Amino acid sequence: MSKVCRINDDICYIEGYESPLSSDIALIRNEDSTWLFDVGMGPEIIKDLSGSYKVVLSHFHPDHVGNIEKVKCDNLYVSKETFKHIHVGEIVESDLYFGNIHIFLLPSSHAKGCLGLEVGGEYAFLGDALCPKFKDGNRIYNAQLLKTQIDLLKSLKAKYVLLSHEMGSIIDKTEKISELESIYKMRNKDSFEIVF
C-alpha cells in the first residue's frame, strides 16, 4: 500500500518504492485544482489517485514518468527533452505561474531537460536535478551547469527544497546551496567536469 505523508495542509506526497524503482509523487492543492509533481512507476503507487490533475514531470526517467498514461491529466507540463521521450504534454520553455505555483527550467548534470516546481515561495520540488551523473563508480557534475543551478536556486523564493526519492527530508535551501558550492569549488580549470 502506498504511504501518503503530509507536509502541510496543501502539500503531501506518496512515498516511492525501490522495486519497481519509483519516485515520490508530490500532491499540491492550488486554488480549485490539484497538481502532481511526477507520476512514479508501477500501478501500486498511483492506485489511490482518482480524478484529474495538473501534472509537472521533473524529467524523462521511467521512475518519474512511467505512469503517465494511467493518470488523468487536465494539463501536462514537460521539458522539450521529456517530450521527446513521452510524446505528450505542453513544452515549458520559460517560467510559468499559476496562482502560487511556479514551474521553471532547471539545469542538471543528472538528466537533460529537468523542471522544478515552486509552491508559495516556501517549497521547491526539484526531482533528481541536483544529483550528479554516475560513471565508473564516480559522481560527475558539469561545472557550468552546476554554477547555473546554484545561481537559479539562489533566485528562488523557496526556503526549502525537496528531492525525489527523499521528500521526507525537507532541506533548508541555503544548506543545499552551500553543499553544491563546496562541490563547485572542487572544479579543475582544465576540465568542464567535476569528478569525485
Side-chain angles (χ1 to χ4, degrees), residues 1-79 82 86 89 92 96-106 108 110-111 113-131 149 153 156-176 179:
M1 180 170 185
S2 302
K3 180 178 177 187
V4 178
C5 305
R6 182 178 174 273
I7 294 173
N8 65 26
D9 289 343
D10 295 321
I11 304 171
C12 64
Y13 67 95
I14 303 170
E15 203 170 66
Y17 300 107
E18 290 294 318
S19 183
L21 181 63
S22 177
S23 67
D24 298 331
I25 301 172
L27 292 93
I28 301 131
R29 277 188 291 182
N30 180 47
E31 297 169 355
D32 60 350
S33 59
T34 301
W35 290 73
L36 301 180
F37 185 74
D38 287 333
V39 294
M41 176 72 158
E44 186 67 20
I45 195 164
I46 61 164
K47 71 178 184 141
D48 295 324
L49 291 180
S50 59
S52 293
Y53 302 93
K54 295 184 178 186
V55 178
V56 177
L57 296 178
S58 65
H59 64 295
F60 60 87
H61 290 167
D63 57 314
H64 296 260
V65 304
N67 286 322
I68 194 59
E69 293 180 0
K70 300 173 191 127
V71 173
K72 292 179 187 171
C73 300
D74 289 332
N75 301 91
L76 173 61
Y77 300 95
V78 298
S79 70
T82 298
I86 65 169
V92 176
L96 298 176
Y97 295 88
F98 304 94
N100 69 348
I101 299 285
H102 170 210
I103 303 168
F104 55 93
L105 296 164
L106 184 56
S108 175
H110 178 75
C114 288
L115 295 179
L117 185 148
E118 187 177 27
V119 183
E122 187 75 13
Y123 300 100
F125 293 88
L126 306 178
D128 293 345
L130 303 187
C131 296
Q149 191 175 71
L153 289 175
L156 294 177
K157 295 177 185 174
K159 298 175 187 168
Y160 305 101
V161 297
L162 294 99
L163 311 176
S164 292
H165 308 288
E166 52 185 278
M167 283 190 189
S169 301
I170 299 172
I171 304 164
D172 183 284
K173 181 180 76 171
T174 56
E175 289 176 18
K176 194 63 181 178
E179 178 187 326

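Quantities reported herein were computed from a predicted structural model and do not represent experimental measurements.
In this structure, the separation between CD on Q149 and NZ on K176 is 9.0 Å, given to the nearest 0.5 Å. With values rounded to the nearest 0.5 angstrom, L153 atom CG is found 6.0 Å from L126 atom CG. Interatomic distance, CD1 of I14 versus CD of E44, reported as 10.5 Å (0.5 Å rounding). Of the inter-residue distances, the one linking I170 atom CD1 with I11 atom CD1 reads 8.5 Å to the nearest 0.5 angstrom. From N8, atom CG reaches atom CZ of R29 across 9.0 Å, with rounding to the nearest 0.5 Å. Distance check: I68 CD1 to D38 CG gives 9.0 Å after rounding to the nearest 0.5 Å.
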- Mind running side chain to side chain contact (heavy atoms under 4.5 Å, CB included) on L49 and V39 for me, showing each step along the way? CA-CA 10 Å; L49 291 180; V39 294; over 6 Å; no
- May I have the step-by-step check of side chain to side chain contact (heavy atoms under 4.5 Å, CB included) for Y77 and I101, ending in yes or no? CA-CA 12 Å; Y77 300 95; I101 299 285; over 6 Å; no
- Query: Does the pair V4 and D48 meet the rule for a side chain to side chain contact (heavy atoms under 4.5 Å, CB included), with working shown?
  - Reply: CA-CA 10 Å; V4 178; D48 295 324; 5.8 Å; no
- Derivation and outcome, side chain to side chain contact (heavy atoms under 4.5 Å, CB included), residues L105 and L115: CA-CA 5 Å; L105 296 164; L115 295 179; 3.5 Å; yes
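Of the candidates Y13, F37, Y160, Y123 forms a ring-ring contact (aromatic ring centres under 6.0 Å, His included) with just one, namely Y160.
T174 is linked by a side-chain contact (heavy atoms from CB on, under 4.5 Å) to D172, counting only residues two or more places apart in sequence or in another chain.
Shown here for L162 and M167, the closest heavy-atom pair between the two residues is CD2-O, 3.5 Å. Across every non-hydrogen atom of S52 and D74, the tightest pair is CB-OD1, 3.0 Å. Between T82 and G113, the shortest heavy-atom contact is OG1-O, 3.9 Å. In this structure, V65 and H59 approach most closely via the heavy-atom pair CG1-O, 3.1 Å. The two residues K70 and I46 have their closest heavy-atom pair at CB-CD1, 3.6 Å. Listed here is the closest heavy atom pair of C131 and S108: O-OG, 4.4 Å.
Classification of the H64-H165 ring pair by plane angle, with boundaries at 30° and 60°, yields perpendicular. Ring geometry for F104 versus H102: interplanar angle of 30 to 60°, hence tilted.
Listed for the S22 side chain is no donor-acceptor partner under 3.5 Å among the backbone atoms of G40. Looking at E31, its side chain never comes within 3.5 Å of a backbone N or O of F98 through a donor-acceptor pair. Listed for the D24 side chain is a donor-acceptor partner under 3.5 Å among the backbone atoms of G16. Using a distance-only test at 3.5 Å, with no hydrogens or angles considered, a donor-acceptor pair links the side chain of N67 to the main chain of G42. Judged by distance alone, with hydrogens and angles left aside, the side-chain atoms of K54 form no donor-acceptor pair with the main-chain N or O of N30 at under 3.5 Å. Using modelled atom types, one side-chain atom of S23 and one backbone atom of D63 make a donor-acceptor pair closer than 3.5 Å.
Put simply, the side chain of N100 reaches to within 4.5 Å of the side chain of V119, judged on heavy atoms. Side-chain contact between L163 and D128 is absent, with no heavy-atom pair separated by less than 4.5 Å.
Residue pairs meeting the salt bridge (Lys or Arg N to Asp or Glu O under 4.0 Å) criterion with at least one member in residues 156-168, sequence neighbours excluded: E122-K159.
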